[in-house]
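Here's the structure, in structure tokens; my notes come after.
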Protein chains: 2
Amino acid sequence: MKNSVTMRDIAERLGVSSVTVSKALNDKEGVSEELRTKIKMLAEELGYRFNAAAKSMKEGVTYNVGVIIPERFTGLSQSFYLKIYQAISKKLEEHGYYGMLYILDTEDEEQLNLPRIYYEQKVDGIILLGQISKDYIEKIQSVDIPKIFLDFYDEHSDVDTVITDNFYGAYEITNYLIKNGHRKIAYVGNIYSTSSIQDRFLGYFKSLLEHRIKLNEKFIINDRDERGKYIDIELPDELPTAFVCNCDQVAHNLVTKLKKLGYSVPDDFSVVGFDNDIYATITDPPLTTVEVDIEEMAKTAVQFIIGKIKNKHRKFGRVQIKGRIIYRDSVKNIETR
Amino acid sequence: MKNSVTMRDIAERLGVSSVTVSKALNDKEGVSEELRTKIKMLAEELGYRFNAAAKSMKEGVTYNVGVIIPERFTGLSQSFYLKIYQAISKKLEEHGYYGMLYILDTEDEEQLNLPRIYYEQKVDGIILLGQISKDYIEKIQSVDIPKIFLDFYDEHSDVDTVITDNFYGAYEITNYLIKNGHRKIAYVGNIYSTSSIQDRFLGYFKSLLEHRIKLNEKFIINDRDERGKYIDIELPDELPTAFVCNCDQVAHNLVTKLKKLGYSVPDDFSVVGFDNDIYATITDPPLTTVEVDIEEMAKTAVQFIIGKIKNKHRKFGRVQIKGRIIYRDSVKNIETR
DNA sequence: CTGAAAGCGCTTACAG
DNA sequence: CTGAAAGCGCTTACAG
């Protein structure tokens, strides 16, 4: 790139100084409109491209924000992460920033290796996307760079965090089942596994409480072992009429199982999911579920990180972004039964 | 970041020059081992972080490579793109480079707006990932920056390209069907739609030719309209015993349809797909399919782009990366029939 | 409105 | 082995 056009080249051609060119191109005051136009036209003509590195060095900032995703979230069916990255980078661009997507591999996560984008000052701040190990959280906390947690949170830390409102989403969708006449409602998910599964459970529970429905312990159905691996879902002896699943994939598994047992959804059982990912539409019937508001999450995260880059002492706390229910065909109104 | 530690800080503390610090930290010769160790230790102690922007400016390069994906590929079930980005960025890192993922939105694609990472010299080269409009290809061709096309190609251009070997993959998987006794084999895909569907068709055709099986025109079954939208698959009057589908998603649709008609897979019909994406495992039975070698594609693309960054006149041509067949349960051996 | 000077943090080429 | 000087391309603060 040594051969590329600089402000100085433009300045020399026009017999002005590079200061003037800089002002003209950056729409700063102190240049006559006439000269500004001339400079801009010549820049265009010569194919001038701004040198971001020079500005970076001068200002001591990069205008890059790292978006870090642990490797294990890049597997099948996780297009959520690509979508949210897209939303983030679009928002960043509106503020004159760029996203650098960094996929943290499992080994580096275990060995607590910070990403090289940190060590080489490639970024002014970091958005951490997706649950990461406790130790890594601590490690990254020890480092003085603006950071945001997105889509997960850690109880022991006071990092500014943007998450989806799991509690409220599960609460709302359980309300919806109750409105459709269901009172025997099970929750499917290992409630000790992740904070989002737990919070969704609590939202479900609150809905029951509000409707004076007693929580039946046998209606809390496990879906995965302590290491997160899905296990075969065991149905209780006394069956509910509806299932609130902690995510669409588990709802999909459940529907498959119910069908194999000869049941029909939603005629015999209503089933709802969470996330509105591919499993929601691939299931037959398609699932009523809670959609995460990706746009809003990205927008908020970007707002926070830029706020912190500009003023490292700013605090935003933990913000929850509400999702919305997507109504499809997996719920039946049984009120008239 | 103005307050961060610089080489000069380290130099002053040690009473040496910053040149020496630079040499020591970069493992260049011209520093005694003793001094080098001292410098490295102090750097560590002070939490020195290298300033990539300064190096960039000095050398006129950024050590960033843009990976550009058109927006429409970030939808449901396309985790392929995140995976390949991951592989690319890992390979880049091995060479001291970084990936910048840039999602080109549909509007910018239509209006032929080049990404801002180009205009601001944020990257030294570009990997274009996923079929992009002809006009945009032309636009980006007009611009003098090292570039690689990945996972698609354009017949009229001579850009260096890395694609999966569609022809060979379809050829091999059709051979496999024939080895399992099938002779009436249909191909499912609109062969005028994309180059990969067409190439896969040709691989299928070659396999037929080699086995002296006549191509039956009725066995070429359309799956989408000219705008790429899936249409209902129409089965021919005389039915084949096996279907080669141009992708897993279409294979999934086909299996669903066959089941609705009361048929069983693979007992009544064998079905194979291509891509080995989520549809391959979500289908019941899971599909025998062709897996794309993401690692190898990424590695090759990175090798090419860095080669071109270092020497812009280097040419690599069009390289095809072979996939491999993943054997699952959607094919039945009917030889003994 | 216009521009000379200084500086951001590094590296290269050269001198000692 | 060590370092003074120059320069990468921009912007800021100031002078005219």
Side-chain angles (χ1 to χ4, degrees), chain A residues 1-40 42-43 46-64 96 116 118-124, chain B residues 1-40 42-43 46-64 96 116 118-124:
Chain A
M1 310 246 167
K2 290 248 168 168
N3 53 3
S4 66
V5 184
T6 68
M7 287 188 180
R8 198 178 176 161
D9 297 331
I10 297 172
E12 278 171 6
R13 284 256 215 156
L14 254 26
V16 298
S17 80
S18 61
V19 175
T20 301
V21 174
S22 170
K23 285 174 184 161
L25 261 22
N26 287 301
D27 286 325
K28 296 223 165 117
E29 54 184 17
V31 204
S32 67
E33 269 322 302
E34 201 195 329
L35 185 49
R36 188 190 299 278
T37 313
K38 235 168 63 189
I39 289 170
K40 283 193 171 176
L42 184 59
L46 297 178
Y48 170 75
R49 288 192 292 151
F50 181 74
N51 186 318
K55 184 180 187 185
S56 272
M57 198 178 45
K58 176 69 178 149
E59 300 188 359
V61 293
T62 63
Y63 294 100
N64 293 153
R116 248 179 46 193
Y118 167 73
Y119 287 117
E120 301 200 352
Q121 299 193 53
K122 282 279 198 175
V123 294
D124 304 331
Chain B
M1 311 238 167
K2 290 249 169 163
N3 53 2
S4 65
V5 184
T6 68
M7 287 188 180
R8 198 176 174 163
D9 297 331
I10 296 172
E12 278 172 6
R13 285 257 213 156
L14 255 27
V16 297
S17 81
S18 61
V19 176
T20 300
V21 174
S22 171
K23 285 174 185 161
L25 260 22
N26 287 302
D27 286 324
K28 297 224 164 117
E29 53 184 17
V31 204
S32 68
E33 268 323 302
E34 200 196 328
L35 185 50
R36 188 190 300 278
T37 313
K38 234 167 64 191
I39 288 171
K40 284 192 171 177
L42 184 58
L46 297 179
Y48 170 75
R49 289 192 293 152
F50 181 75
N51 185 320
K55 185 181 187 185
S56 272
M57 199 179 42
K58 176 68 178 152
E59 300 187 0
V61 294
T62 63
Y63 294 101
N64 293 152
R116 247 178 48 192
Y118 166 74
Y119 286 117
E120 300 199 352
Q121 298 192 55
K122 282 279 199 176
V123 294
D124 303 331

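Below, chain A is the first sequence line, B the second, and so on; all start at residue 1. What you see is a predicted model; the values in this text were computed from it and never measured. Quick note: numbers below take in every heavy atom, side chains included, and nothing from hydrogens, waters or symmetry partners.
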Query raised in the report: Would you say the base of D:dG9 and the side-chain of B:K58 have a donor-acceptor pair closer than 3.5 Å?
Result: no
Query raised in the report: Rounded to the nearest 0.5 Å, what separation is found between the CZ atom of B:F50 and the CD atom of A:E120?
Result: 6.0 Å
Calculate the interatomic distance between [X] atom [atom1] and [N] atom [atom2]; express it in whole Å.
X: B:E59; N: D:dG9; atom1: CD; atom2: P; value: 13 Å
X: A:E120; N: C:dG9; atom1: CD; atom2: P; value: 17 Å
X: A:E12; N: C:dG3; atom1: CD; atom2: P; value: 13 Å
X: A:M57; N: D:dG9; atom1: CE; atom2: P; value: 10 Å
X: A:Y119; N: C:dG9; atom1: OH; atom2: P; value: 21 Å
X: B:D9; N: C:dC10; atom1: CG; atom2: P; value: 9 Å
X: B:K55; N: C:dT12; atom1: NZ; atom2: C1'; value: 13 Å
X: B:R36; N: D:dG3; atom1: CZ; atom2: P; value: 14 Å

Query raised in the report: So, A:E34 and A:K38, do they make that salt bridge, N to O below 4.0 Å?
Result: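 No, no charged N to carboxylate O under 4.0 Å.
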Query raised in the report: Under a 4.5 Å cut-off applied to non-hydrogen side-chain atoms, are A:D27 and A:K40 in contact?
Result: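 Yes, their side chains come closer than 4.5 Å.
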Query raised in the report: Quick one: is C:dT2 close enough that its OP1 or OP2 comes under 4.0 Å of any side-chain N or O from A:S17?
Result: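 No.
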Query - D:dC10 phosphate, OP1 or OP2, under 4.0 Å from A:Y48 side-chain N/O - result: yes
Nucleotide nearest [X] when distance is taken to its side chain, options [options]:
X: B:T6; options: D:dG9, C:dC10, C:dA13; result: C:dC10
X: B:V19; options: D:dG9, C:dT2, D:dG3; result: D:dG3
X: A:S32; options: D:dG3, C:dC10, C:dT2; result: C:dT2
X: B:N51; options: C:dG9, C:dG3, D:dT11; result: C:dG9
X: A:F50; options: C:dT11, D:dC10, C:dG3; result: D:dC10
X: B:T20; options: D:dA5, D:dT2, D:dC10; result: D:dT2
X: A:A54; options: D:dT11, C:dT11, D:dC10; result: D:dC10
X: B:V16; options: D:dC10, D:dG3, C:dC10; result: D:dG3

Under 3.5 Å, side chain of [X] to main-chain N/O of [Y], donor-acceptor pair present?
X: B:S18; Y: B:V21; answer: no
X: A:R49; Y: A:S4; answer: no
X: A:R36; Y: A:K28; answer: yes

Report task. Hunt down the Watson-Crick or G-U wobble partner of C:dA4, both distances under 3.5 Å, from any strand shown, or write none. Result -> none
Query raised in the report: Using purine N1 to pyrimidine N3 plus N6-O4 or O6-N4 for Watson-Crick, or N1-O2 and O6-N3 for G-U wobble, both under 3.5 Å, which nucleotide pairs with C:dA13?
Result: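 Its partner is none (no Watson-Crick or G-U wobble pair with both distances under 3.5 Å).
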Report task. With heavy atoms under 4.0 Å as the rule, sort A:K28 into base, sugar-phosphate or nothing. Result -> sugar-phosphate
Requested in this report: Please tell me which of B:K23 and B:N26 maps to the more 5' nucleotide of DNA chain C, matching each residue to the nucleotide holding its nearest heavy atom.
Outcome: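 The answer here is B:N26.
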Query raised in the report: Pick the nucleotide of DNA chain C nearest each of A:G30 and B:S18; which residue has the one closer to the 5' end?
Result: A:G30
